[in-house]
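Read the structure below first, then the notes.
Note that these values count all heavy atoms, side chains included, but never hydrogens, waters or copies made by symmetry. None of these values were measured; they are calculated from a predicted model. Quick note on labels: first sequence line is chain A, next is B, and so on, each numbered from 1.
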Protein chains: 2
Amino acid sequence: MVDDRIELLKGTLDMLILKAVAMQPMHGYAIALRLGQLSRDFFQLQQGTLYPALHRLEDRGLLRSKWYESETGREAKFYALTRKGRRHLEAEMYNWQRMIKAVALVLRAAD
Amino acid sequence: MVDDRIELLKGTLDMLILKAVAMQPMHGYAIALRLGQLSRDFFQLQQGTLYPALHRLEDRGLLRSKWYESETGREAKFYALTRKGRRHLEAEMYNWQRMIKAVALVLRAAD
DNA sequence: TCCAATGCCTAGAATATCTACTCATTGAAA
DNA sequence: TTTCAATGAGTAGATATTCTAGGCATTGGA
């Protein structure tokens with residue numbers, strides 16, 4: 001039995017969501033579509049991944065939500081970054097860059 | 001209360017361990033030191049992280065272990081890559097590159 | 001004699017993520 | 001007119017990863 005499961009998110013989900021919302025306030029469904037487009041379909045968020053993450057981020061005070069009418073005329077819950085969320089996003093992006101550099105150092109090692 | 005905890009590994013632990021061992025068979029303690037050196041101390045593996053991971057990788061047939069005398073003259077459990085482990089490492093590295101490219105696409109997005 | 005370094009290990013908790021659902025509305029195609 | 005895809009939000013439960021916080025034993029040097 002082969003383990004073909006590809007680990008996609010690697011703990012970047014929060015950062016990706018925050019980044020999407022930083023571009024402009026969006027509802028959950030739109031966030032999933034957006035991250036799909038931007039990543040050329042690499043990220044295809046499942047709802048069971050997305051919504052709990054949104055709630056988590058709101059509970060932590062990084063996002064704030066409000067119901068508005070969506071583009072299609074239906075009610076949808078729009079998320080926006082809080083100031084804390086913006087700071088957090090910046091910190092996450094910084095750490096992400098440090099992290100992938102550290103990984104690159106290891107992977108490139110010859111010895 | 002600020003959440004300062006930095007998530008370091010992001011699911012790359014297995015890949016990092018396999019890469020270290022791919023360079024040359026090593027015992028656990030040496031793997032931790034090695035990954036520390038190579039990453040300029042970014043990765044500082046705790047033993048409670050390292051040893052369960054090694055056992056996991058061995059259970060999955062990606063590593064094989066044997067007791068030998070270490071550099072210091074003590075007994076230590078040396079791990080080596082299996083063929084399956086080598087294939088797995090290559091796949092993980094490939095997926096990792098795809099993944100960080102996808103993240104980069106999102107993070108660089110302007111809109 | 002005592003401590004730091006070397007070396008291996010486990011238990012338990014917290015988190016993140018995935019699978020697999022539920023529920024409701026709308027619009028268009030058959 | 002029924003039916004299906006798309007839009008939109010959600011939960012429950014399982015699994016895997018990682019961390020904290022310990023334990024144990026040996027060695028060499030201060």
Side-chain angles (χ1 to χ4, degrees), chain A residues 1 3-18 25-37 42-60 62-63 65-79 92 95-96 99, chain B residues 1 3-18 25-37 42-60 62-63 65-79 92 95-96 99:
Chain A
M1 201 201 88
D3 185 2
D4 269 344
R5 192 166 143 287
I6 300 180
E7 179 56 59
L8 291 176
L9 289 167
K10 307 242 184 235
T12 60
L13 179 59
D14 292 1
M15 181 174 68
L16 296 173
I17 290 176
L18 293 175
M26 262 185 271
H27 54 80
Y29 190 73
I31 292 171
L33 292 180
R34 199 75 152 94
L35 291 177
Q37 290 166 12
F42 187 88
F43 296 118
Q44 301 184 20
L45 300 194
Q46 304 307 311
Q47 294 158 326
T49 303
L50 176 63
Y51 291 110
L54 288 171
H55 301 159
R56 225 160 48 216
L57 293 169
E58 189 169 18
D59 288 345
R60 291 170 62 195
L62 306 179
L63 292 180
S65 71
K66 215 167 178 181
W67 289 87
Y68 290 108
E69 203 174 291
S70 83
E71 318 77 45
T72 66
R74 328 161 75 131
E75 286 297 297
K77 204 189 211 170
F78 282 75
Y79 288 88
E92 283 223 64
N95 285 322
W96 172 251
M99 147 83 180
Chain B
M1 203 201 87
D3 185 1
D4 270 343
R5 192 167 145 288
I6 301 179
E7 179 56 57
L8 291 175
L9 290 168
K10 308 241 184 233
T12 60
L13 178 60
D14 291 2
M15 181 173 70
L16 296 174
I17 290 176
L18 293 176
M26 261 185 271
H27 54 80
Y29 191 74
I31 292 171
L33 292 179
R34 199 75 153 92
L35 291 177
Q37 290 166 11
F42 188 89
F43 297 118
Q44 302 184 21
L45 299 194
Q46 303 309 309
Q47 294 167 327
T49 303
L50 176 63
Y51 291 110
L54 288 171
H55 301 158
R56 225 160 47 217
L57 292 170
E58 189 168 20
D59 288 346
R60 292 170 62 194
L62 306 178
L63 292 180
S65 71
K66 214 166 179 182
W67 289 87
Y68 289 108
E69 204 175 288
S70 81
E71 318 76 47
T72 65
R74 329 162 75 133
E75 287 296 299
K77 206 191 214 169
F78 282 74
Y79 288 89
E92 283 223 65
N95 286 322
W96 171 251
M99 147 83 180

In whole Å, what is the span from the [atom1] atom of [X] to the [atom2] atom of [N]?
X	N	atom1	atom2	answer
B/L50	C/dG7	CG	C1'	11 Å
B/K77	C/dT10	NZ	C1'	13 Å
A/E71	D/dG8	CD	C1'	11 Å
B/Y51	D/dT20	OH	C1'	17 Å
A/Q44	C/dT19	CD	P	11 Å
A/M26	D/dG8	CE	C1'	15 Å
A/L45	C/dT19	CG	P	12 Å
B/R34	C/dT6	CZ	C1'	18 Å

Any side-chain heavy-atom pair of B/D14 and B/R56 under 4.5 Å: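 Side chain of B/D14 against side chain of B/R56, heavy atoms only: contact under 4.5 Å found.
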
Looking at [N], I'd like to know if its phosphate oxygens (OP1 or OP2) sit under 4.0 Å from a side-chain N or O belonging to [X].
X	N	value
A/H55	D/dT11	yes
B/K10	C/dA16	no
B/T72	C/dA5	no
B/T49	D/dC19	yes
B/R56	D/dT17	yes

Plane angle bin for A/H27 and A/Y29 - parallel if under 30°, tilted between 30 and 60°, otherwise perpendicular: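 Taking A/H27 first and then A/Y29, their aromatic rings lie parallel (interplane angle under 30°).
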
Donor-acceptor pair, side chain of B/K10 and main chain of A/K10, under 3.5 angstrom: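 No: the side chain of B/K10 does not pair with the backbone of A/K10.
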
Any base atoms under 4.0 Å from [X], or only sugar-phosphate, or nothing? Heavy atoms, all strands.
X	answer
A/Y68	nothing
A/E69	nothing
B/G28	sugar-phosphate

[X], nearest nucleotide to its side chain (from [options]):
X	options	answer
B/R74	D/dT27, D/dG10, D/dC19	D/dT27
B/Q47	C/dC9, D/dA9, D/dT11	C/dC9
B/Y29	C/dA16, C/dG7, C/dT19	C/dG7

hbond_proxy B/E75 side chain to C/dC8 base (donor-acceptor, 3.5 Å cutoff):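 Absent.
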
Approximate separation, where rounding is to 0.5 Å, of A/Y79 OH and A/L62 CG: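 A/Y79 atom OH to A/L62 atom CG measures 12.5 Å (nearest 0.5 Å).
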
Test side chain to side chain contact (heavy atoms under 4.5 Å, CB included) applied to B/L54 and B/D59, B/I17, B/T49, the passing residue: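 Only one option passes, and that is B/I17.
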
